[in-house]
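One structure below.
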Amino acid sequence: LRLIVVDEEHDTSFKQMEGLRYSARDVALVRAKDRGVPIVLGSATPSLETFAKAESGQYKVAVLTKPVNAAPATIELIDTGQGQLIDGLSQELLKAVDTRLKRHEQSLIFINRRGFAPVLMCNSCNWTADCLRCSSKLVIHTATRRLTCHHCGHSEPIPAVCTQCGNQDLMPIGQGTQRIESALARLFPAARILRVDRDSTRRKHAWQDMRTRINAHEVDILVGTQMLAKGHDFPQLSLVGVLNADSSLYSTDFRASERLFARLTQVSGRAGRGSVRGTVLIQTQFPEHPLYRALQLHDYPAYARELLAERRQAGFPPFAYQAVLRSEARDLKTALDFLSSAATAGSTVKSEVTIYDPVAAPLVRLAGLERAQLTIEARSRAALHKFLAAWREHLPLHGKHQIRWTLDVDPLEV
């Protein structure tokens, strides 16, 4: 072994979230150090942990000042508060798609939400179709005429009437890939439209067949989720339209804006990889938001420095080190009681860490189990690991009352 390259090092898929939890990127760093070989962490939007180390001089920085294949796409913002939307599509975006159809160029409509609509609601009593096993809504899938939970997989037929009041006026709220595909088919009946998401690519070789059709220019409009955001080269694709990007700005996750910038940068890179310069149209209610302004300037370093200043002020990673103890049980009280006992045991360990109160997880119920979590934070990694080594001896191998627990170091979700 003489060299390690970690491409798209910011990608959260490098973190193993089930079973043995570890970060493949960090394992690669340790292995490179152990073997004494160089390692390259490649990304257009490095994680803030990596960016901070580059800024401090711990990592050497190599910047590609010229694009490899084509000039960066022009990014424009569409203020959705100024006009009427048709099934979530603005007039400006529809006109841009129509222009590409006349030029025989391809368009991509990106919405990171599969299904027809994320919520089914009764107009009379405001009932919504909820998953009985998870703290989430059932998603409407018109192709199968079923409601499906995207967390546990539960599925049931779409009811003809409200199960609470009997009203027949049930309304889909919001948009998913299926609804956008249906709207585009109605608005552009002559266009060849292809939807690419987890539902449409389940069949063996389905994605390979789709790629063949796209490259053969047998498709005019692509509608897709994050599956289409990175790693694909479609020379005829000159327009990318982004829907529902603002949802990440409402997230309670302090990493949400960092991830949104990376996702939008990746999907923007799909436009204009051929001879025609690409255009990206982002629908938003907040066209003045610093994230979108930095995205238009293709200036991730400037935005990353803003985020780092916020993280430093708030005491969040990479200026602190965290671990999360998670518990699952049949009822929430049992899960929280286990964490309270763990916190009490942790308070007896002499250390320089902060143990926060146990709280319910953001998604409290998943597949019939109630979930809670306990966050531990330290100002140095050495202090965190010293505490965890001692604390671990106080945690039972198996929780009482059928509790399942895991300890996640450097969690991506808190």
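- Ser257 places a side-chain heavy atom less than 4.5 Å from the side chain of Tyr303.
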Subject >> Arg192/His217 under side-chain contact (heavy atoms from CB on, under 4.5 Å): CA gap, chis, key distance, verdict >> reply: CA-CA 10 Å; Arg192 298 165 297 179; His217 209 162; 4.2 Å; yes
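- Looking at Gln296 and Arg293, their side chains do bring a donor and an acceptor atom within 3.5 Å of each other.
- Contact of the Val61 side chain with the Glu55 side chain is not registered, since no non-hydrogen atoms from C-beta on lie closer than 4.5 Å.
- Checking Thr128 against Lys137 by side-chain atom types alone, a donor-acceptor pair falls below 3.5 Å.
- No more than 12 heavy atoms of other residues, nucleotides or ligands shown are found within 6.0 angstrom of CZ on Arg2.
- Atom CD1 of Ile75 sits about 10.0 Å away from atom CG of Leu281, to the nearest 0.5 Å.
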Subject >> Evaluation steps, side chain to side chain donor-acceptor pair (under 3.5 Å), between Ser248 and Ser251 >> reply: CA-CA 5 Å; Ser248 293; Ser251 174; over 6 Å; no
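- In this pair, His289 and Tyr292 present their aromatic rings perpendicular. The plane angle is above 60°, beyond the 30 to 60° band.
- At a threshold of 4.5 Å between non-hydrogen side-chain atoms, the residues Val97 and Phe188 count as touching.
- Atoms CZ and SG, from Arg133 and Cys152 in turn, are 4.5 Å apart once rounded to the nearest 0.5 Å.
- Using modelled atom types, no side-chain atom of Thr50 and backbone atom of Pro46 make a donor-acceptor pair closer than 3.5 Å.
- Checking side-chain atoms of Arg21 against main-chain N and O of Gly19 turns up a donor-acceptor pair under 3.5 Å.
- Here the side chains of Asp209 and Arg203 are in contact, with some heavy-atom distance below 4.5 Å.
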**OP:** Begin with the C-alpha distance, continue with both residues' side-chain angles, and end with the deciding distance and a verdict on side chain to side chain donor-acceptor pair (under 3.5 Å) for Asn112 and Thr225.
**Re:** CA-CA 4 Å; Asn112 203 28; Thr225 59; 4.7 Å; no
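- More than 12 non-hydrogen atoms from other residues, nucleotides or ligands lie less than 6.0 angstrom from CZ of Arg381.
- Side-chain contact between Asp199 and Gln178 is present, with heavy atoms from C-beta onward closer than 4.5 Å.
- Heavy atoms of other residues, nucleotides or ligands lying less than 6.0 angstrom from CD of Gln208 number more than 12.
- The nearest pair of heavy atoms linking Phe261 to Leu291 is CE1-O, 3.7 Å.
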**OP:** For the pair His232 and Gln266, evaluate side chain to side chain donor-acceptor pair (under 3.5 Å) and give the outcome as yes or no after the intermediate values.
**Re:** CA-CA 10 Å; His232 306 301; Gln266 288 176 331; over 6 Å; no
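- In this structure the side chain of Gln82 never reaches within 4.5 angstrom of the side chain of Ser90, judged on heavy atoms.
- Separation of atoms CG (Leu243) and OG1 (Thr80) is listed at 10.5 Å; rounding is to 0.5 Å.
- More than 12 heavy atoms of other residues, nucleotides or ligands sit less than 6.0 Å from atom NZ of Lys15.
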Original post:
Given His385 and Phe387, is the ring-ring contact (aromatic ring centres under 6.0 Å, His included) satisfied, shown in steps?
Top reply: CA-CA 5 Å; His385 283 284; Phe387 168 78; over 10 Å; no
**OP:** May I have the step-by-step check of side chain to side chain donor-acceptor pair (under 3.5 Å) for Ser238 and Arg103, ending in yes or no?
**Re:** CA-CA 10 Å; Ser238 61; Arg103 293 182 190 168; 5.4 Å; no
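- With values rounded to the nearest 0.5 angstrom, Leu395 atom CG is found 7.0 Å from Leu407 atom CG.
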Subject >> Check against side-chain contact (heavy atoms from CB on, under 4.5 Å), Val37 and Leu3 >> reply: CA-CA 6 Å; Val37 299; Leu3 173 69; 6.0 Å; no
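- You'll find the side chain of Leu101 stays beyond 4.5 Å of the side chain of Thr99, heavy atoms only.
- Between Tyr250 and Phe286, the ring-plane angle classifies as perpendicular under the 30° and 60° cut-offs.
- Of all heavy-atom pairs between Leu336 and Ala372, the closest is CD2-CB, 3.5 Å.
- Between the side chains of Glu76 and Thr279, no donor-acceptor pair of N or O atoms lies under 3.5 Å.
- No side-chain donor-acceptor contact under 3.5 Å links Glu105 and Gln236.
- Atoms CD and CG, from Gln91 and Leu93 in turn, are 10.0 Å apart once rounded to the nearest 0.5 Å.
- One side chain, Glu377 or Tyr356, offers a donor N or O that lies under 3.5 Å from an acceptor on the other.
- Of all the heavy atoms in Pro362 and Val414, the pair that sits closest is CG-O, 4.5 Å.
- Using a 30° and 60° split on the angle between ring planes, His150 and His141 fall in the perpendicular class, above 60°.
- If you check the side chains of Thr344 and Ser347, you find no donor sitting under 3.5 Å from an acceptor.
- When every heavy atom of Arg326 is checked against every heavy atom of Pro411, the shortest pair comes out as NH2-CB, 3.7 Å.
- For the residue pair Asp337/Thr334, the side-chain donor-acceptor check at 3.5 Å is not satisfied.
- In this structure, the side chains of Thr74 and Arg277 come closer than 4.5 Å at one or more pairs of heavy atoms.
- Side-chain atoms of Arg146 and Ser155 include a donor-acceptor pair closer than 3.5 Å.
- Judged purely by atom type and a 3.5 angstrom limit, Arg330 has no side-chain atom pairing as donor or acceptor with the backbone of Glu370.
- Heavy atoms of other residues, nucleotides or ligands lying less than 6.0 angstrom from CD of Gln16 number more than 12.
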